[in-house]
Amino acid sequence: MNYQTPRGTYDILPEEINRWHDVEDLLRKKTELYRYKEIRTPYFEDTKVFKRENDSSDMVNKEMYTFAMGSESFTLRPEGTAGVIRSFDQHKMYGSMEMPAKFYYIGAMFRHERPQKGRQRQFTQFGIENIGVKSPEVDAEVIALGYDIVKSLGISSVKVCINTLGDDASREAYRNALKEYFAPYLDDLCGDCHRRYEQNPLRILDCKVDHDKECMKNAPKLFDYLNEESREYFQRVLSSLEALGIPYEIDERLVRGLDYYTHTVFEVVSTRPDSGAQATVFAGGRYDHFVSYYGGPDMSGIGFAIGMERLIALASEEGYQFTQDQGVDAYVIGLGNVSGNVLKTVQDLRKAGFVSEGNLVPRSLKAQFKSADRNNAKYIVIIGEDEIKNGTVNIKNVKEKTQETIDIQALVETISKWEGR
Ligand code: ATP
Ligand code: MG
C-alpha cells in the first residue's frame, strides 16, 4: 500500500515553513497598517452560497468539491469572497460597522482543476474585501495594498493589468452586442463558450481554448459601450494609480473568471518568462450586487485574492531572504544517569527565554556533541554526576572557544550576561 497526498495537494514540510511564516507575518503587518481585520469563515458552506443562479464560471460549474450529507449539500470553499459576504449579511454587519467594512482572510481553498506548476487542488489564498464605499479612490487603494505586498517581498517583475466592465447599463449594452456578434460563430466555439453565450457572453473573451481564434480578435470592444459615468469612474481609478506611482496596463480583454464583477477588474501578473499560464499572482475586482444577493442591502464592495503558493514561489525566485533556522542558544549534554537534571536545566533556560534543547537519553559524549553542533548551539552545557554532587555545570562558549565550570545557580545569569540581556 502506497500512502500519498491526493493529486493536487502537497505537504508543507518543516524545512519550508519559515517562508510561510515570514509571508504571513508580512501580511498581518500590512493589513494592520491598512486597518483590515481578519475574518474566519468555515471551510465548507451550503452549496447555494457558491452556486449562484446563472453563474457561468468554470470554478462554479466544474471545479467544486460538493458533497451530500443526508438531504443537505455542502461545498468546500473554492474562493473566499462568497463566505465573507455571506457572513457580512448574516451578522448584519452593514448595520453595526464603520464603512467601509474591511476584512481579510487567509486559508485553504479547494478547486478540482488539472494540477500543474502553480496550480493545485488545495491551495492557499490571502484576500481582502472592502465593503460599503463605492469610489474610484477606494479601488486604487485596494490595488495599492496588493502591490505594496508584492513589492515588499522583493518581487519586481510584475505588472498590473486593469480593465473596467462598466456599470449595469454599459454591461447590458455590451452583452447584447456580443450575443449578436458571436451568434454566427457559435459552431466554432467550445462547449463551455456555448454555456457562456447563454449565461454571460463577456466570459467568452476569457476562454483559454478559443483564445486565439479569428472571431475573438474582431469582437466588439467593451470600451465602445461604456457610458459616460463608467468611463469617468475608470479614468479616476487610473489617475489615482498614476498619482500613487503604480504602473498599469489596460487590458481590454480582461474580464476575470467570476461573474459578479462590475466596474474595475484587475490582475497582477508575473512577467518572468517561466511563469506560463500560472502567471497571475493576485486578482480581483469590484462587485455591485454581491452584498444584496445574500440578503443584505444594495451595497458595493471590492476585493482581491492572492495565491500564496505563487507569491512565495515568486519571492523565492526573485531572491527574497527568508528567515533561516537560528538553531539553539543552549544545548544541554548529560554524562551518566542524569536525564532528570538535564530536563530541569533545559526548562530553567527556556523559562528565561533561551531556545534550548537537551539530551534526555543515555548517549555517547561524541553523539551528544554532534547533536549540539547540528542544533547550531551557541552554548553547550555539560552536566555529569560529579557536577551534580558539587552543584556545578560545565559551560562551553562555542564562538569564543572557552570552557569553564560554574555554579549551577549562576547558569541563566551567565548566559544572560554573554547574550547582553
Ligand atoms: P487562474 O486564471 O490562474 O486560474 P483564477 O482566475 O482562477 O486564476 P482567482 O479565482 O481570481 O484566480 O484566484 C486568485 C489567485 O489565486 C490567482 O491569481 C492565483 O494566484 C491563485 N489561484 C487560483 N487558482 C489556483 C490554484 N488552483 N492553485 C494555486 N493557486 C491558485
Ligand atoms: Mg482558475
Side-chain angles (χ1 to χ4, degrees), residues 5-10 12 20 23 27 50 52 55-65 75-85 104-129 142-143 145-147 149-150 153 155 157-163 165 192 196 200 202-203 205-211 251 253-261 264-272 274-287 290 301-317:
T5 47
R7 207 161 109 77
T9 69
Y10 64 99
I12 302 172
W20 287 82
V23 173
L27 292 172
F50 304 115
R52 290 170 297 270
D55 195 309
S56 72
S57 64
D58 285 353
M59 190 191 81
V60 170
N61 286 287
K62 299 200 296 200
E63 299 173 359
M64 296 204 307
Y65 284 92
T75 295
L76 296 183
R77 63 182 192 188
E79 52 115 0
T81 307
V84 173
I85 308 290
Y104 80 89
Y105 58 85
I106 181 163
M109 304 294 160
F110 307 85
R111 296 184 195 174
H112 192 267
E113 43 185 339
R114 196 167 70 77
Q116 47 196 299
K117 179 177 176 254
R119 194 174 291 286
Q120 296 86 24
R121 287 179 171 172
Q122 178 180 326
F123 60 101
T124 314
Q125 279 185 343
F126 161 84
I128 63 145
E129 307 298 337
V142 161
I143 296 172
L145 167 56
Y147 193 71
I149 290 168
V150 167
L153 286 166
I155 301 169
S157 50
V158 286
K159 63 177 180 184
V160 179
C161 301
I162 189 166
N163 191 21
L165 303 177
D192 283 332
R196 294 174 184 130
N200 182 1
L202 260 77
R203 295 237 27 244
L205 303 173
D206 192 35
C207 182
K208 290 184 175 107
V209 178
D210 295 329
H211 193 265
D251 178 354
R253 280 170 66 165
L254 182 68
V255 296
R256 301 288 307 118
L258 295 157
D259 277 2
Y260 48 64
Y261 290 121
T264 317
V265 288
F266 53 90
E267 276 187 7
V268 172
V269 297
S270 161
T271 51
R272 291 179 74 90
D274 50 355
S275 302
Q278 279 66 248
T280 310
V281 192
F282 74 91
R286 179 163 284 285
Y287 39 83
F290 216 13
I302 179 167
F304 67 69
I306 299 185
M308 292 277 285
E309 288 81 4
R310 293 187 200 176
L311 185 70
I312 291 172
L314 264 182
S316 306
E317 280 161 26

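Note that the numbering runs from 1 along the sequence shown for the chain. Remember, it's 1-based here, ligands and their atoms both numbered in the order they're listed.
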For ligand 1, indicate whether the residue Arg119 contacts it via side chain, backbone, both or neither (heavy-atom separation under 4.0 Å). both
Under a 4.0 angstrom heavy-atom cut-off, which atoms of ligand 1 come close to Gln120? 26 (C), 27 (N), 28 (N), 29 (C)
Counting heavy atoms under 4.0 Å, the part of Arg111 that contacts ligand 1 is side chain
Can an N or O of Glu309 be found at a distance shorter than 3.5 Å from an N or O of ligand 1? no
Would you sort out whether Trp20 and Met308 count as a side-chain contact (heavy atoms from CB on, under 4.5 Å), showing the intermediate values? CA-CA 8 Å; Trp20 287 82; Met308 292 277 285; 3.7 Å; yes
Which of the numbered atoms in ligand 1 are under 4.0 angstrom from any heavy atom belonging to Ala283? 11 (O)
Quick check: does any side chain N or O of Thr5 sit under 3.5 Å from a backbone N or O of Tyr10, one acting as donor and the other as acceptor? no
Any atoms of ligand 1 less than 4.0 Å from a non-hydrogen atom of Val281? List them with their elements. 18 (O), 20 (O)
So which bit of Glu267 gets within less than 4.0 Å of ligand 1, heavy atoms only: side chain, backbone, both or neither? neither
In ligand 1, which numbered atoms sit nearer than 4.0 Å to a non-hydrogen atom of Gly307? 15 (C), 16 (O), 20 (O), 21 (C)
Any idea how Phe282 and Phe304 line up, ring-wise: parallel (<30°), tilted (30 to 60°), or perpendicular (>60°)? tilted
Check ion pair Asp55-Arg203 (N to O, under 4.0 angstrom): no
Is the contact between Lys208 and ligand 1 made by the side chain, the backbone, both, or neither, using heavy atoms and a 4.0 Å cut-off? side chain
Check the pair Leu254 / Ile162 against side-chain contact (heavy atoms from CB on, under 4.5 Å), numbers first and verdict last. CA-CA 7 Å; Leu254 182 68; Ile162 189 166; 5.6 Å; no
Please determine whether a side-chain nitrogen of the Lys or Arg among Lys62 and Asp192 lies less than 4.0 Å from a carboxylate oxygen of the Asp or Glu. yes
How about Val23 and Phe126: do any of their side-chain heavy atoms sit closer than 4.5 Å? no
To the nearest 0.5 Å, how far apart are CZ in Arg7 and CZ in Arg121? 5.0 Å
Just heavy atoms, cut-off under 4.0 Å: does Glu113 contact ligand 1 by side chain, backbone, both, or neither? side chain
Counting from 1 in the order shown, the ligand 1 atoms closer than 4.0 Å to a non-hydrogen atom of Gly118 are 28 (N), 29 (C), 30 (N)
